[in-house]
Amino acid sequence: MSLPGDLLNEKVKAEGHALGFDLVGVCDASPPHSLGVLEAWVGEGMHGEMAYMADSLPLRGDLNRVLPGVRSVVAVGLNYYQEPVGGDVKVARYALGRDYHKVIRGKLKKLARTMVRVCPGEKWRACVDSAPIMEREYANRAGLGWFGKNTCLINSHRGSWFLIGVLLTTAEVAIDSPAVGGCGTCRKCIDACPTGAIVQRGGVWQVDARRCISYLTIEKRGEFSAEEKEMIGDWTFGCDVCQEVCPFNQARESQPLRAAETQEAEFLDRRDFGSLEEILVWSESEWDERTRGVRFAGRGLRG
Ligand code: B12
């Protein structure tokens, strides 16, 4: 027999926090409200060459496709903030350590195993970017944060330096309130973005991936045009500019959780080289050996 929904909510939060998640919340599994925003974004071609974003569109409207009978969504957030220490090659903070997909999925699977014991007969499925799920919307509905103008999910106390994972379940877990907040008149991220990638469409702020340094350095295949090279500057994997300038990410005495260093040892900077020149003399096997499992190594030595 399963526990009542409110006790399940308490249990999943306690277990989630014990596993190291900084944020845990629950929402219902009804279809996403913002599918139209995604459709318009893809319709305008803002996804660039990320064909998976267009191909998976028809699947994103119903979580039953991912877990038949799903009733609740547990959303988790894991802080990855750190000051880079390992070298002078510019890598976005989320990619300095072990691949977050592996780290979060590992913890979510542990959480799922515990919850199966608590409510036998119910199903739990861990997802981190791996399934066609609008993670930011469900995380918003579960109370983790609200949509900033840079499109990142921002938690009023913690800012936006957290990664998201979700655990779908057929169990009926009591839900939390959606996060509310907003950027007000602030437009620091829009003005600071070196490539003008943050644009407004129909009153909603979006990132035109084709101009986003993160997309250009991680997702885009093939050669860069001269304009793209100029846009990328000295970033080698991802970009943090729109988060670095965000007021919600500035440490303050009254907000000790903003830009607090991550407690996740697996995320710590694993670059063991100083400069790009050093890497360029490595062999493929040396690269594989020295960057195994590290997120920024995703594009390989040539990348
Ligand atoms: C494709 C993708 C990218 C693309 C496109 C980014 C983008 N903004 O769309 C690229 C490669 C550029 C990218 C970059 C980055 N990404 Co990315 N990315 C994704 C992915 C796979 C899908 C995002 C998506 O659906 N985009 C389509 C657009 C239309 O959706 P959206 O921007 O989320 O917009 C929503 C809001 O605008 C919302 N909305 C706006 N107003 C309102 C109001 C209400 C009431 C509601 C309900 C909704 C709503 O509606 C839209 C649809 O839901 C997600 C993982 C996932 N499965 O969701 C990770 C994800 C969004 N990325 C993440 C990260 C960390 C990054 C980077 C910071 C990495 C880096 N340092 O380089 C950058 C940040 C760039 C930026 N400012 O977005 C995290 C974000 C965590 C967070 N706190 O928000 C995610 C969630 C991955 C994860 N599992 O943690 N990413």
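First listed ligand is number 1; within each ligand, the first listed atom is number 1.
Protein residues with a heavy atom closer than 4.0 Å to ligand 1 are S34, V37, L38, W41, M50, M53, A92, Y94, Y100, D129, I133, M134, E135, R136, F147, N150, T151, C152, L153, S160, F162, L163, I164, V204, W205, V207, C212, S214, Y215, E219, G238, C239, D240, C242, Q243, listed by chain and number.
Side-chain heavy-atom separations under 4.5 angstrom define the hydrophobic clusters, and the remaining members of the one that includes I213 are W235, V241.
Using a distance-only test at 3.5 Å, with no hydrogens or angles considered, no donor-acceptor pair links the side chain of E228 to the main chain of L216.
The only member of D22, L96, L268, L78 that meets side-chain contact (heavy atoms from CB on, under 4.5 Å) when paired with T262 is L268.
One finds no salt bridge joining E266 and K102 here, because no Lys/Arg side-chain nitrogen approaches an Asp/Glu carboxylate oxygen to under 4.0 Å.
Between W161 and F248, a ring centre-to-centre spacing not shorter than 6.0 Å is recorded.
For Q200, the CD atom is densely surrounded, since the number of other residues' heavy atoms within 6.0 Å is greater than 12.
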